[in-house]
> 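What follows is a structure written as structure tokens; I'll ask about it next.
Here the structure is a predicted model, which means the values were calculated and not measured.
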Amino acid sequence: MRKYTNPPHYGAAKAAVLQLTRYYAVLLGEYNIQVNAISPGPFPKTKIQHENPVFIERLKSKNPLNKIGTPEDLAGVLVLLSSHASDFMTGQNVQVDGGWTIW
């Protein structure tokens, strides 16, 4: 039997967040309320980075940008979604993952 690294409920929960985002975007759109989601990619905790550098290097090598995310990497999308620049965006999922999900 092949061992999977992510339990099935992880993927199901991610899919549920995306569908819930779309659902609420439709439901609340008539009130001019926008609903969007941010899906961060590999952002391992600092503790994990210090305790397991081999894992971090392997994680980086699997990402097209060859790095892991930092809190600062989320700043741009947070500013976008908090500003009038996103006034015509709703029901969207913005992936901030260094290209992780292009595979």
> Considering only distance and modelled atom types, tabulate donor-acceptor pairs under 3.5 Å from the side chains of residues 68-83, sequence neighbours left out.
residue, atom, partner, partner atom, Å
T70, OG1, E72, OE1, 3.1
T70, OG1, D73, OD2, 3.2
D73, OD2, T70, N, 2.8
S82, OG, L78, O, 2.7
S83, OG, V79, O, 3.3
S83, OG, L80, O, 3.0
S83, OG, A85, N, 3.2

> Tell me every residue that passes salt bridge (Lys or Arg N to Asp or Glu O under 4.0 Å) with K62, counting only those two or more places apart in sequence or in another chain.
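Once residues adjacent in sequence are excluded, K62 has no partner under the salt bridge (Lys or Arg N to Asp or Glu O under 4.0 Å) criterion.
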
> If you measure from CD on Q92 to CG on L18, what distance do you get to the nearest 0.5 Å?
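Reported to 0.5 Å precision, the distance equals 10.5 Å.
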
> K60: what forms a side chain to side chain donor-acceptor pair (under 3.5 Å) with it, not counting sequence neighbours?
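Per chain and number, K60 pairs via side chain to side chain donor-acceptor pair (under 3.5 Å) with E57.
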
> According to a hydrophobic-cluster definition based on side-chain heavy atoms being under 4.5 Å apart (Ile, Leu, Val, Met, Phe, Trp, Tyr only), do V35 and L20 belong together?
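Linked within one cluster.
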
> Rounded at 0.5 Å granularity, tell me how far OH in Y23 sits from CG in L28.
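Reported to 0.5 Å precision, the distance equals 9.0 Å.
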
> What pair of heavy atoms forms the shortest contact from P64 to G98, and how long is it?
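Result for this residue pair: CD-O, 3.6 Å.
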
> Starting from the C-alpha separation in whole Å, work towards a yes-or-no answer on side chain to side chain contact (heavy atoms under 4.5 Å, CB included) for L59 and W100.
CA-CA 10 Å; L59 188 62; W100 186 268; 3.4 Å; yes

> Report yes or no: do M89 and V96 belong to one cluster of Ile/Leu/Val/Met/Phe/Trp/Tyr joined by side chain heavy-atom distances under 4.5 Å?
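They do share one cluster, since a chain of ILVMFWY contacts under 4.5 Å joins M89 to V96.
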
> Going from CZ on R58 to CG on N63, what distance comes out if it is rounded to the nearest 0.5 angstrom?
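One gets 14.0 Å once the value is rounded to the nearest 0.5 Å.
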
> Applying side chain to side chain donor-acceptor pair (under 3.5 Å) as the test, list every pair that has at least one member in residues 25-48; sequence neighbours left out.
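Qualifying pairs: S39-N93.
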
> Residues two or more places apart in sequence or in another chain: which of them pass side chain to side chain donor-acceptor pair (under 3.5 Å) with D97?
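In terms of side chain to side chain donor-acceptor pair (under 3.5 Å), with neighbours along the sequence ignored, D97 is linked to T101.
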
> Taking side chain to side chain donor-acceptor pair (under 3.5 Å) as the cut-off, I'd like each qualifying pair that reaches into residues 9-18, sequence neighbours left out, listed once.
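Pairs touching residues 9-18 that pass the test: none.
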
> Tell me which pairs pass salt bridge (charged side-chain N to carboxylate O under 4.0 Å, His left out) where either residue lies in residues 17-28, with sequence neighbours left out.
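Not a single pair qualifies under salt bridge (charged side-chain N to carboxylate O under 4.0 Å, His left out).
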
